[in-house]
Amino acid sequence: MPRQTSRSWLHFAVVLVTVVAVACTASPPSTTIAAPSTAPVTTTTTLTMGNEYCAGSVGGQLVLVTGEEPIDFHPHDPQTVLPVTGWVAQGALEGLTGVSTGLEYIPELLDRLPSIDQEDGAVRARFELRPGLVWSDGQPLTARDVEFTYEAIMAIGPLTDRQGNPIDANGDGVTDEGHPYQTDDRELYESIAELDVRSETEFEITWTAFHPGWLSAFDIVFPAHRFSADPPQAAAELDVGMRTWTDPAGERLPSSGPLAFGAYDPGDHLELERNPGYHGSVSPDAANRGAACIESVRIDFEPRLADRLAAMRDGGAHVLYGQPQLPYDELSQNERFTVAVTPGATYDHWGVNLLNPHLADPLVREALAFALDKEQVVSVLYRPIFGDTLPADGLYNSYFMPTQPAYEPHGLDYTGPNVEAARTKLTEAGYEPGDAGVMVHPDRGPLSLRVGTTGGDPIRELQQTIIQQQLAAAGFDIVIDNVAGSDYFARGPFSEPALSASLSGGAEGDSTVWDITQFAWVGGPWPGAQSDAYRSDSGFMPYGHVNGDFNARADECDATIDEAERNRCYNELDLAATTLDGLSGDGGMFVFPITQRPDFYVYNNELLSAAAAAPDIDIGGPLVNVVDFKLAN
C-alpha cells in the first residue's frame with residue numbers, strides 16, 4: 001500500500017477493499033420480498049432542553065438501514081475500515097475539522113479555521129479550540145487531548161494484534177516493535193516538527209514543510225483521560241479499544257459528538273445514544289445548533305438489498321444510506337420518500353494501460369474519447385435514481401468535482417458521441433475496417449481491448465456494457481473481463497507484476513495483465529492526493545505514465561501555500577492526465593473521468609418531519625448532521 005497523506009487519501013487506498021470492492025460485491029437485485037420489518041421505536045417524550053430547534057419534537061429512535069457491517073469499529077485500521085465505521089466515528093468523536101456537502105473544510109472542534117504562516121523556512125499554524133468543550137462524561141476537552149492523539153498515533157512500542165496479544169513474528173520470544181496504533185494516515189503527523197500546547201484551548205503546530213492536506217489532520221481527537229499517560233501503551237490501548245469503543249477498564253468511551261457508542265448486537269444492529277451535553281454543530285449544513293432531537297440511533301445491518309428495500313417500504317427504517325443500486329429507483333419514484341443525495345467526492349473512470357500497443361498510440365486514445373458518450377451513462381444509469389443531481393454531460397476533471405469552485409472541464413473538444421471523428425483518428429493511426437466492424441492495424445492486429453472491474457455491482461457492470469456498445473460503433477472490440485471482489489485488484493492493475501511494469505515503463509513486470517480498468521477514485525476538499533495515482537515515483541501508479549516533469553510539477557503544486565495558485569497547479573496536472581495538452585503531451589490522456597458516483601440517501605418523509613444533510617459517504621455520512629433529524633409526531 002502507498003503512503004497515506006490525508007483522510008481523503010486514506011480512502012484512496014482502502015477504496016480497493018472497501019468503497020469499491022465491498023460495494024461491488026453487494027447482493028444482486030432479488031425478487032424475494034422480505035416479511036414486514038418491525039416498526040421503528042418511537043416515544044411521546046417531548047424534549048425540553050431549551051433547544052429551540054427541537055421544541056415540540058418527539059424524541060424516539062431513528063432507524064438507519066445499510067448493507068455493510070464491519071469486522072469491528074476501528075476508525076483507521078485499513079484492513080477493517082468500512083464506510084459505516086466512519087459514520088459512527090463522525091457521530092461520536094469529532095475532529096478539528098470536518099467536511100461540508102460542498103466538499104470544503106469546516107471547523108468542528110476548532111473555533112475557526114486557522115491560516116498558515118511561513119517564516120525562516122518553518123511552516124506554522126495557530127489553532128484555537130471552541131471554548132467550553134466537554135466530553136460526555138463531564139471532563140473538559142482540551143488541547144492536551146489533541147497532543148495525546150498526536151503522541152499515540154506516532155508512538156513506537158510493542159505491537160499487538162487486534163485482540164491485544166503481543167506479536168512475535170520471528171518466533172524468537174521478543175515482541176515486535178512499531179506503531180501500535182494502526183493507520184495508514186500517518187504522513188501528516190510525521191511531518192510535524194513540534195506541537196506546542198499554549199493553553200487549555202490553544203496550540204501551535206510547526207511542520208518541517210508545507211503539506212496541502214494539513215487541515216485534514218486530527219480528523220478524530222481521542223480522550224486522553226481514559227488512557228495511559230505513556231504514549232506507546234496508550235497507542236496499544238487505543239488500537240484495541242477503538243475496535244469496541246471501550247477504554248482499558250472496559251467502559252464505553254466518552255463522546256465529543258452528538259452521539260455516543262451504545263449496545264452492539266453483531267450480525268444485527270448497533271445502537272448509538274444521544275449525547276445531551278453536545279456542544280452543538282457549527283456546520284453550514286446543519287440547522288440545529290444544539291443537541292440532537294432524537295434520543296438514539298439504531299443502525300440495522302441488512303446484507304440483502306431486497307431486505308433493505310422492504311425495511312423502507314414497510315416503515316421498519318426511517319433512512320437508507322449506501323452505495324447506489326438500480327432497484328432503489330422504486331423508492332426514488334415513490335412520493336412517500338425523499339431522495340436527499342448530494343454529489344460527492346467519488347467518481348467513476350476508465351483508465352488505460354499506456355503500455356498496451358494499441359493504447360500507447362495517442363490517436364487511439366483520442367478515438368476512444370470521441371466515441372465515449374458520458375451523457376448517455378448519466379441518463380441511463382443515474383438519472384432514474386438521482387434525478388438531476390449530477391451534471392447531465394458527465395465529468396471532465398479528475399482533481400475537482402463540478403460542485404467545487406476550482407473545477408475546470410477539460411477535454412470538451414472530445415465530447416461524444418462523435419463516431420466519425422473517432423474513426424478518422426483510427427484511420428490516421430493506420431487502422432482499417434476488419435471483420436465484424438472491428439478496426440485492424442497491420443502490426444498491432446485487431447483493436448481488441450479488455451476492460452475489467454470488480455464484479456457484482458450491477459450499475460458498474462451496466463456502465464461497462466453501455467460504453468462497450470458506444471466504442472463498438474467506432475471500431476473497438478471491448479471484451480468485458482471482470483473478477484469478483486477485491487481479487488480484481490490483486491490480479492489486475494494493482495497486482496505486483498502490473499505495478500512493476502507500470503512504474504518501470506515496461507522494463508520490468510508484466511505489461512499484459514490488463515488493458516482498461518473501471519473503478520472509482522475518492523477525492524475530497526484536498527485534491528492533491530490524486531497525484532499519487534499518476535506519478536511514477538509514488539509506487540502506486542497503474543497506468544504506465546512515467547513522466548519526471550509531471551512528478552516535479554506535482555511536488556511544486558503540493559508545496560504551494562496559496563490555495564488559488566495551488567488549485568491552478570492541480571488543474572495543470574489534470575490536463576496532463578485527461579488530455580493530450582500540457583506537460584505530458586502525447587503521454588497524457590490515460591484517465592477518462594465519466595461521472596461522480598453519489599451515495600444513495602433516502603428517507604421516509606411520512607415518518608420524519610425533518611432530515612439531515614449527508615456529505616459524501618467516504619468523508620461524512622448520514623450521522624454528521626444527525627442533530628437535524630426529527631421524527632414526525
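For this chain, numbers begin at 1 and follow the sequence in order. Predicted model, so just to flag it, every value in this text is computed and none were measured.
Put simply, the side chain of W207 does not reach to within 4.5 Å of the side chain of Q118, judged on heavy atoms. Residues L449 and V479 fail the side-chain proximity criterion, which asks for heavy atoms closer than 4.5 Å. With a 4.5 Å cut-off on side-chain heavy atoms, E68 and P83 count as touching. A heavy-atom distance below 4.5 Å is not found between the side chains of W350 and T517. Proximity of D481 to V451: side-chain heavy atoms (C-beta onward) are nowhere separated by under 4.5 Å. Contact check for F540 versus L503: no side-chain heavy atoms found under the 4.5 Å cut-off. You'll find the side chain of L471 reaches within 4.5 Å of the side chain of L368, heavy atoms only. In this structure, D393 and T415 have side chains that are not in contact, with every pair of non-hydrogen atoms separated by 4.5 Å or more.
A distance of 8.5 Å separates CG in D184 from CG in D77, rounded to the nearest 0.5 Å. For the atom pair CG of L359 and CD1 of I516, the computed distance is 5.5 Å after rounding to the nearest 0.5 Å. Note that NZ of K425 and CG of N418 are 10.5 Å apart. Values are rounded to the nearest 0.5 Å. Of the inter-residue distances, the one linking E194 atom CD with T208 atom OG1 reads 12.5 Å to the nearest 0.5 angstrom. Note that CG of L215 is 12.0 Å distant from CD of E104, once rounded to the nearest 0.5 Å. Taken to the nearest 0.5 Å, the CD atom of E108 stands 8.0 Å off from the OG atom of S283.
Judged by distance alone, the side chain of R124 and the main-chain N or O of T206 form no donor-acceptor pair under 3.5 Å. A donor-acceptor pair under 3.5 Å links the side-chain atoms of S504 to the main chain of S500, judged by distance alone. Formation of a donor-acceptor pair under 3.5 Å by the E94 side chain with backbone atoms of G257 is not found in this model. Without hydrogens or angle criteria, R365 side chain to D586 main chain gives a donor-acceptor distance under 3.5 Å. Counting only distance, with no hydrogens or angles, the side chain of S511 and the backbone of A501 share no donor-acceptor pair below 3.5 Å. Looking only at distances, no side-chain donor or acceptor of Q469 sits under 3.5 Å from a matching main-chain atom of I466. With hydrogens and angles ignored, the 3.5 Å screen pairs a side-chain donor or acceptor of T453 with a backbone N or O of Q518. Not one N or O on the side chain of W214 forms a donor-acceptor pair closer than 3.5 Å with the backbone of F210. Within the 3.5 Å criterion, the main-chain N or O of E556 finds a donor-acceptor partner in the side chain of T560.
Using cut-offs of 30° and 60° for the angle between ring planes, the W521 and H349 rings count as parallel. The aromatic rings of Y601 and Y321 sit perpendicular, their planes meeting at an angle over 60°, well past the 30° parallel limit. Ring geometry, Y570 versus Y399: the interplanar angle falls under 30°, so the pair is classed parallel (tilted spans 30 to 60°).
Remark: E496 CD is loosely packed, at most 12 non-hydrogen atoms of other residues, nucleotides or ligands lying under 6.0 Å away. When the shell of 6.0 Å around CZ of R383 is examined, it contains more than 12 heavy atoms from other residues, nucleotides or ligands. Atom CD of E190 is surrounded by more than 12 heavy atoms from other residues, nucleotides or ligands within 6.0 Å.
Across all their heavy atoms, R597 and I459 have their closest contact at NH1-CG2, 3.7 Å. When every heavy atom of D599 is checked against every heavy atom of P615, the shortest pair comes out as OD2-O, 4.2 Å. The minimum heavy-atom distance linking D574 with H410 is given by the pair OD2-ND1, 2.7 Å. Across all their heavy atoms, I385 and Y328 have their closest contact at CG2-CB, 4.4 Å. The shortest non-hydrogen separation linking L381 to L326 is O-CD2, 3.9 Å. Between V513 and G492 the shortest heavy-atom distance is CG1-O, 3.6 Å.
Neither side chain, T595 nor D348, offers a donor N or O lying under 3.5 Å from an acceptor on the other. T512 and D510 form a side-chain donor-acceptor contact under 3.5 Å, judged by distance and modelled atom types alone. A donor and an acceptor atom, one from each side chain of Y105 and S100, are nowhere located under 3.5 Å apart.
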- Message: Would F476 and L426 count as a side-chain contact (heavy atoms from CB on, under 4.5 Å) here? Give the steps.
- Response: CA-CA 10 Å; F476 288 81; L426 292 177; 4.1 Å; yes

- Message: Between Y488 and F494, is the ring-ring contact (aromatic ring centres under 6.0 Å, His included) condition met? List the steps.
- Response: CA-CA 8 Å; Y488 170 72; F494 296 96; 8.4 Å; no

- Query: Going through the checks in order, is the ring-ring contact (aromatic ring centres under 6.0 Å, His included) test met by Y181 and F222?
  - Reply: CA-CA 12 Å; Y181 186 75; F222 298 118; 5.7 Å; yes

- Message: Would F218 and Y189 count as a ring-ring contact (aromatic ring centres under 6.0 Å, His included) here? Give the steps.
- Response: CA-CA 9 Å; F218 299 101; Y189 304 102; 5.1 Å; yes

- Message: Assess the residue pair F592 and T578 against the criterion (side-chain contact (heavy atoms from CB on, under 4.5 Å)); give the C-alpha distance rounded to whole Å, side-chain angles, the decisive distance to 0.1 Å, and a yes or no.
- Response: CA-CA 6 Å; F592 298 81; T578 62; over 6 Å; no

- Might you work through the side-chain contact (heavy atoms from CB on, under 4.5 Å) test for T183 and R186, ending with a clear yes or no? CA-CA 7 Å; T183 179; R186 192 171 277 112; 3.4 Å; yes

- Item | Stepwise side-chain hydrogen bond (donor to acceptor under 3.5 Å, both in side chains) check, N551 with S536 | CA-CA 7 Å; N551 300 344; S536 52; 3.1 Å; yes

- Task: With side-chain hydrogen bond (donor to acceptor under 3.5 Å, both in side chains) as the test, would you mind laying out the steps for S584 and H545 before giving the verdict?
- Result: CA-CA 9 Å; S584 286; H545 176 241; 2.8 Å; yes

- Please walk me through it: do Y407 and L395 pass side-chain contact (heavy atoms from CB on, under 4.5 Å)? CA-CA 10 Å; Y407 176 78; L395 181 66; 3.8 Å; yes

- Message: Run F590 and Y534 through ring-ring contact (aromatic ring centres under 6.0 Å, His included) and show every step you take.
- Response: CA-CA 9 Å; F590 51 88; Y534 301 159; 5.3 Å; yes

- Query: side-chain hydrogen bond (donor to acceptor under 3.5 Å, both in side chains) between H74 and D239: does it pass, once the steps are laid out?
  - Reply: CA-CA 7 Å; H74 194 302; D239 194 61; 2.9 Å; yes

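For the pair R450 and D515, the salt-bridge criterion is met [side-chain N within less than 4.0 Å of a carboxylate O]. A salt bridge links R535 and D555; the closest N-O separation between the charged side-chain nitrogens and carboxylate oxygens is under 4.0 Å.
Within the structure, the ring-ring contact (aromatic ring centres under 6.0 Å, His included) test picks out the following pairs touching residues 362-386 (sequence neighbours left out): F370-Y414.
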